[in-house]
Amino acid sequence: MKREKLQRFWCCKDIEKAAELFKENFKLGEKELREQADLVCENTFVFREHWEMERTNEPVTFNSNVEWDFIPFGDPEWTFALNRHTCFVNLAKAWNCTKNDKYAEKFMELARDWMERVPLTEGSKQNTWRSIEAGIRCENWLKSMMLFADCSKIPESFWDEFEKVLFLHGEYLMSVNGVFHRLSNWGILQNHGLLLVGIYFEKNDWVKEAVQRLEEELNLQIFEDGTQWEQSPMYHGEVLHCSIDSIEHMKRFGIQIPEQMSKKVEKMLYALAMWCKPNGNIPCQSDSDDIDAGDLLAHGACFYNDGRLKFLSDSRFREENIWNLGIEDYLFYEKLEALTPKETSYALADSGNYMLRSGYDKNADYLRFHCGCMGSGHGHGDLLHIDLFSHGEDILIDTGRYTYVDSKIRRDFKSPSAHNTICVDEEEFSICANSWGYEKMALPIKGEYRFTETADFVSGAHLGYIEKGIFISRKVVYIKPGIYVIMDECYGKGTHRYAQNWHFSGDGKMIPEENKVTFEGEKVNAKCFFLHGQTTLSKKEWSAEYNSLKPCNHVLVSMEETGSTSMITVISTQEKGNNQDVLVEQIPVSLEKSGKTLTDEMAEAVRIKINEEEYVVIFCHEEIISEVDLISAGGYSSYGKVLLFSDINPKGICLQY
């Protein structure tokens, strides 16, 4: 084994110091690592790594040899996770923390067994040798080699055998590059592995091919706003890890980094940072788990010497950073000045993801609105969906994914009615055909947005019900710091049933009143006013991580109307114990000059009173003014499609013209 190369090959140069730093700063993490490594020593597998794409909770034990193609629970994702060999890395980390040779012995036993009994064949390319697993294995095998480099228990003869099969991985990955790989996250994950083995074996043709593929894939997959096109922040994170690790190795070994490649990775970091909730976790958008993404932002802060990314990573070096980057980057990160970004709210307009914020502290308000492309098989039917987070807690949630096994529950979790959006006549506007395909996808219509110091505005629409002659639009006004006005506009003819689905965190208590529901969490209260329709409360399920279900609270707001109509929702958030008096009422809209009172189909207004403060929001559903005039409500007048007034700003601001 090329021990000298390994010492500079991986980012973490001084393993002994890194292990000591890990044990000193992450005592719980060390305990969990040793427990998991001990399970592996007993041929027991459970996949709980931080960025594990399909986590498991129920251990699986093999009494004799490991069945590498075994499919428990009817889910082949378990098989794929087993064959990524994260267990090798866990054993290597545990050996560095304890110097207990049982971990090295188990590593050799499992590796030899896999190399002898899992050949590369046309059949195995569908399970144990899928190209995505082969690419991930390259990283995990090389990382294991580095972490075991100083282990005298492992003979050179083993490493020679190990290198032969690792070389086979490179040959195999060179042969795989179809359209699917170029546009899917698979391509970047597998070609990251090809780049690493190319560098390790000094195969310049592999390196050149890997760089060309990665550059093309980043160009195809990453929008100009920095989001990976599959619309899942978890897969965005997986692609980002492989991309930043690729350019890290290219820099270390003197390989020229294409300028656009570096810019794409930097944009991906900021897109991820904007996606994250105030607690640092990504939302369960599409096929994503609710996990902390700060390790990737900290990595970006070190690579780009970027104080804003350090701030956005909560200025914390994570466990993954210690093992992947080592003591030198840890010391660099500690000295790097954290810089607060100027913007709070942010529009990832190309992908149709909008995040409205009051700030960046952990108790800040955060609303996520989505109106963008489907994102292929990982995307969900979530057009016009919103999440809401305040005072350190989830209020409105995305229900997640739960499983990839083609089943009713998989299709249900992907459906529009599993999201906080509006449906018509109990029909879904996007319909799943199976686990990965759709037989119908609604076309999103991206709307306008405007961010100001006092209020933010975002809007969107879709054509999911156009065959019924109905056009659905949603507008959101965020009055800082804690008032949200959601206007759902339903344009069409005939009589239809309209239903809003609202999924609340299961960690809170729901207190119903007439046309009002209060969500009471541990630290936050959210008063939700539904001005149109009847409300029904029930319990449903949500999945914060793969293979895990827990109850959530569900509110259905429904009504039957003829012709164009609307549904208005107002949400007020405040710290628990701050018992504010909140009054919400719909008030008439008129034209100031002519004195004409407008119908609800033409315009609507809402007055909100919180203690002594008053706000009035006007929404115009049509072109109202054919002659010179002003739009009035509640004693305020101005011009525009969406207007916001308050007693401290009676002239108002226009959020949409």
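- Below 30°, between 30° and 60°, or above 60°: for H249 and F253 the angle between ring planes is below 30°, a parallel geometry.
- Looking at H241 and E320, their side chains never bring a donor and an acceptor atom within 3.5 Å of each other.
- Figure legend: cation-pi geometry between K475 and F457 absent, as NZ or CZ is not positioned both under 6.0 Å from the six-membered ring centre and within 45° of its axis.
- In this structure, I188 and Y235 have side chains that are not in contact, with every pair of non-hydrogen atoms separated by 4.5 Å or more.
- Taking the ring centroids of H503 and W542, they lie at or beyond the 6.0 Å cut-off.
- Proximity of R55 to I291: side-chain heavy atoms (C-beta onward) are separated by under 4.5 Å at one or more points.
- Counting heavy atoms from C-beta on, the side chains of R84 and F47 never come closer than 4.5 Å.
- Taking the side chain as every heavy atom from C-beta outward, L396 and Y484 never approach each other to under 4.5 Å.
- Of the candidates D394, D387, D292, D394 is the only one forming a salt bridge (Lys or Arg N to Asp or Glu O under 4.0 Å) with K277.
- F180 is not listed as a side-chain neighbour of S131, based on a closest heavy-atom distance of 4.5 Å or more.
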Q: Begin with the C-alpha distance, continue with both residues' side-chain angles, and end with the deciding distance and a verdict on salt bridge (charged side-chain N to carboxylate O under 4.0 Å, His left out) for R357 and E343.
A: CA-CA 9 Å; R357 302 173 185 269; E343 304 90 357; over 6 Å; no
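- Counting only heavy atoms from C-beta outward, the side chains of N177 and R213 approach each other to under 4.5 Å.
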